[in-house]
Structure formats: structure tokens, C-alpha cells
Amino acid sequence: MNVNDLLFLSSHIHFYSNSRKDKMVMISEIENRVYSIEIYVSGYTKYWVNGKLYELETGSILLRKPGMIVKQDKNSEYESYSISLEILIKKTGEPLRSSENYCCFFDQLPVKISPENFFDFLRVVRESPVSLRNSTSEKDALATNAIISKLLYLLYPFTQSSTSNEAYIHPAVKKAISYFRANADTNITMKEAADYAGVSEKYFQQVFKEYTGQTPNNYFIDYRMNLAIKKLLTTDMSIAEIAYESGFSSCAYFSQLFKKLYHKTPSEFRKGNKFTQ
């Protein structure tokens with residue numbers, strides 16, 4: 001079923017900040033009735049889903065589906081975004097069932113993921129309207145579909161069908177990605193990455209973009225940025241320390257590039273994540 005055949009209703013994006021530490025507060029087991037995506041931006045909490053424990057910390061995403069029996073430990077400090085959605089078939093107005101192809105896509109996702117591109121998920125929800133709950137306006141309906149489509153696009157690589165039947169990736173690209181990750185804090189050149197992958201630099205540039213959709217340099221920058229963002233969210237390190245530990249040649253360059261990519265300075269981003277919404 002095509003996404004254009006679907007309608008997202010009663011969707012909302014809420015920010016939660018929980019700071020209960022005085023006693024154990026455990027909600028009763030409940031049956032989840034809607035699809036939801038919960039993005040944890042700081043802190044730690046525990047969830048039991050169908051009896052299995054999941055520990056959620058900064059950078060984790062919890063994916064809840066209809067029929068799941070869930071329970072949460074509220075005796076914890078955490079901040080998260082929750083995106084809930086009911087998926088209807090436009091033509092009939094009926095809820096989407098698990099037999100439908102599009103629903104199966106969501107059902108093939110694991111309960112918990114900790115993506116390296118976590119900030120891409122965070123950026124989608126932070127740049128979206130704060131709440132779209134029960135909105136009936138055409139504008140908000142379009143906004144809802146745009147948000148959900150972006151999130152599902154980011155989630156697709158984590159589906160069981162995607163991971164179990166992984167498409168062929170050129171060996172040079174695999175080697176280069178491993179090299180980038182092992183040397184994130186080092187000033188390496190694309191020529192060095194190409195040499196490590198065993199191909200010419202020109203061919204390396206071509207094949208890397210063909211298989212990843214990014215130039216190798218942009219991939220490396222994105223990977224470093226995600227490392228830096230996690231440090232901004234989870235540590236009290238200075239901006240300069242984060243810049244150098246994430247492989248950037250200077251604090252000034254890191255801040256300039258961060259502002260260009262995310263429209264905020266690292267300090268503004270860190271301050272902005274002490275949410276008061």
C-alpha cells in the first residue's frame with residue numbers, strides 16, 4: 001500500500017520531562033493501541049514490552065505498536081519526544097491492519113534502536129510544530145504526513161527485512177566506512193581512505209556516492225557530527241574539547257560548520273536541549 005493511500009490522524013508530538021526520584025512509581029501494564037515513536041534525548045528509564053526489559057538512554061528510540069503490553073518504570077530522570085499516530089486507509093476510513101504492506105513495514109521494526117544518525121531523528125521532531133493533536137486543518141494534516149514520512153524514511157534501514165536481506169555493498173565502501181569509524185578523531189584525507197579501501201581516489205568518490213548517496217567527505221563529517229552531538233547532550237565537556245575529540249581541527253571550524261548544518265551554534269543547541277516546552 002502506497003503512503004499516498006494513507007491518512008494520519010490524532011497524531012501529536014509531545015515533549016516529556018520526568019524527574020521523579022523519590023520512590024518507585026510503576027504504571028500498570030497496558031495494551032498499546034496506537035503506533036508510537038519515542039525519542040530519548042537525555043537521561044535513562046526502563047520499559048517492559050511484552051515482558052521483556054528494554055533500557056532506554058540518550059540516543060535510544062522506542063517503537064511501540066498496537067497490541068504490545070507495555071509497562072514503564074517512572075522512577076527515573078529522562079527527557080523524550082513521543083510521536084503517536086493512528087494510520088487509516090483513505091479510501092475506506094478503516095484502521096490499517098497488520099496484513100497491509102505499509103503496516104508490515106512498521107511491524108518489522110525492532111522495539112528499540114540506537115541509531116548512529118540519532119540527531120537526524122531529533123532534528124525532524126524539533127523542527128516540527130510542537131503539537132498536532134486532533135488537528136483538522138489541511139495545513140496541519142500535510143505537516144503531519146511530512147513529519148511521519150521523514151521519520152519512517154529514517155527508520156526503514158532498521159526493518160528486519162532490510163537487515164536480513166541486506167543489499168550488496170561494494171567492498172571498498174564497507175572498508176572505507178570501517179576506516180572512517182575507527183579514525184573519527186583523526187585528520188584523515190579521502191586519498192588515505194581510498195588507499196585503505198584499495199581503489200583509486202576518483203573511483204572511490206564515485207562508488208561511495210553510488211552506494212551511500214553521499215560523498216565520502218560528507219559521510220565522514222556527518223559521522224563526526226553525530227559523535228559531537230551525543231557529547232553535547234550527555235557530557236559537560238567544553239565545546240573545544242568536543243570539537244577536538246570528534247576530529248575537528250579547531251573549535252572555530254567545528255562551530256562554523258555546526259551552525260551551517262543545523263542553524264544553531266553548538267552552545268545554542270546544548271542550551272536548547274534543556275527543554276522548557
Can you list the steps and then say if L63 with F158 is a side-chain contact (heavy atoms from CB on, under 4.5 Å)? CA-CA 11 Å; L63 301 161; F158 298 93; over 6 Å; no
Run L257 and M225 through side-chain contact (heavy atoms from CB on, under 4.5 Å) and show every step you take. CA-CA 9 Å; L257 185 59; M225 277 295 178; 3.7 Å; yes
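At least one side-chain heavy atom of L154 sits less than 4.5 Å from a side-chain heavy atom of V124. Contact of the I83 side chain with the S36 side chain is not registered, since no non-hydrogen atoms from C-beta on lie closer than 4.5 Å. F248 has its side chain out of reach of I242: every pair of non-hydrogen atoms, C-beta onward, lies at least 4.5 Å apart.
Under the 30°/60° scheme for interplanar angles, the aromatic rings of Y196 and Y179 are found to lie parallel. Ring geometry for Y219 against F208 counts as perpendicular: the plane angle is over 60°, on a 0 to 90° scale with 30° as the lower cut. Note: Y47 and Y40 have perpendicular aromatic rings, judged against thresholds of 30 and 60 degrees for the angle between ring planes. The aromatic rings of F180 and F204 sit tilted, their planes meeting at an angle between 30° and 60°. Using cut-offs of 30° and 60° on the angle between ring planes, the pair Y203 and H170 is perpendicular.
Crowding of Y44 atom OH: a count of heavy atoms from other residues, nucleotides or ligands under 6.0 Å exceeding 12. More than 12 non-hydrogen atoms from other residues, nucleotides or ligands lie less than 6.0 angstrom from CD of E192. In this structure, K175 places its NZ atom where more than 12 heavy-atom neighbours from other residues, nucleotides or ligands lie under 6.0 Å away.
Of all heavy-atom pairs between A184 and L227, the closest is CB-CD1, 3.5 Å. Between S60 and S114 the shortest heavy-atom distance is OG-OG, 3.8 Å. Of all non-hydrogen atoms in N183 and F220, the two that sit nearest each other are O-CZ, 3.6 Å. Nearest approach of V49 to V70, heavy atoms of both residues: CG2-CG1, 4.2 Å. Of all heavy-atom pairs spanning A172 and A197, the tightest one is O-CB, 3.5 Å. The two residues Y81 and V125 have their closest heavy-atom pair at CD1-CG2, 3.7 Å.
Hydrophobic clustering of Ile, Leu, Val, Met, Phe, Trp and Tyr side chains at less than 4.5 Å, counting indirect connections, unites I221 with L122. I239 and Y253 fall within the same hydrophobic cluster, defined by Ile, Leu, Val, Met, Phe, Trp and Tyr side-chain heavy atoms under 4.5 Å apart, directly or through other members.
Atom CD1 of residue I61 and atom CD1 of residue I113 lie 4.5 Å apart, to the nearest 0.5 angstrom. A distance of 11.0 Å separates OG1 in T265 from CZ in R270, rounded to the nearest 0.5 Å. Of the inter-residue distances, the one linking I39 atom CD1 with S80 atom OG reads 9.0 Å to the nearest 0.5 angstrom. Distance check: S246 OG to L232 CG gives 8.0 Å after rounding to the nearest 0.5 Å. Atom CG of N217 is separated from atom NZ of K209 by 12.0 Å, given to the nearest 0.5 angstrom. Taking CG from D222 and CD from E116, the interatomic distance works out to 11.5 Å, rounded to the nearest 0.5 Å.
Residues E79 and S42 have side chains that bring a donor and an acceptor to within less than 3.5 angstrom of each other. Counted by atom type alone, T215 and Q205 present zero donor-acceptor pairs between their side chains at under 3.5 Å.
A donor-acceptor pair under 3.5 Å is absent between the side-chain atoms of T186 and the main chain of I188, judged by distance alone.
If you look at F258 and F254, their ring centroids are closer than 6.0 Å.
For E57 and K112, the salt-bridge test passes: some basic side-chain N is under 4.0 Å from an acidic carboxylate O.
Both tests do not hold together for K46 against Y54: distance to the six-membered ring centre under 6.0 Å, angle to the ring axis within 45°.
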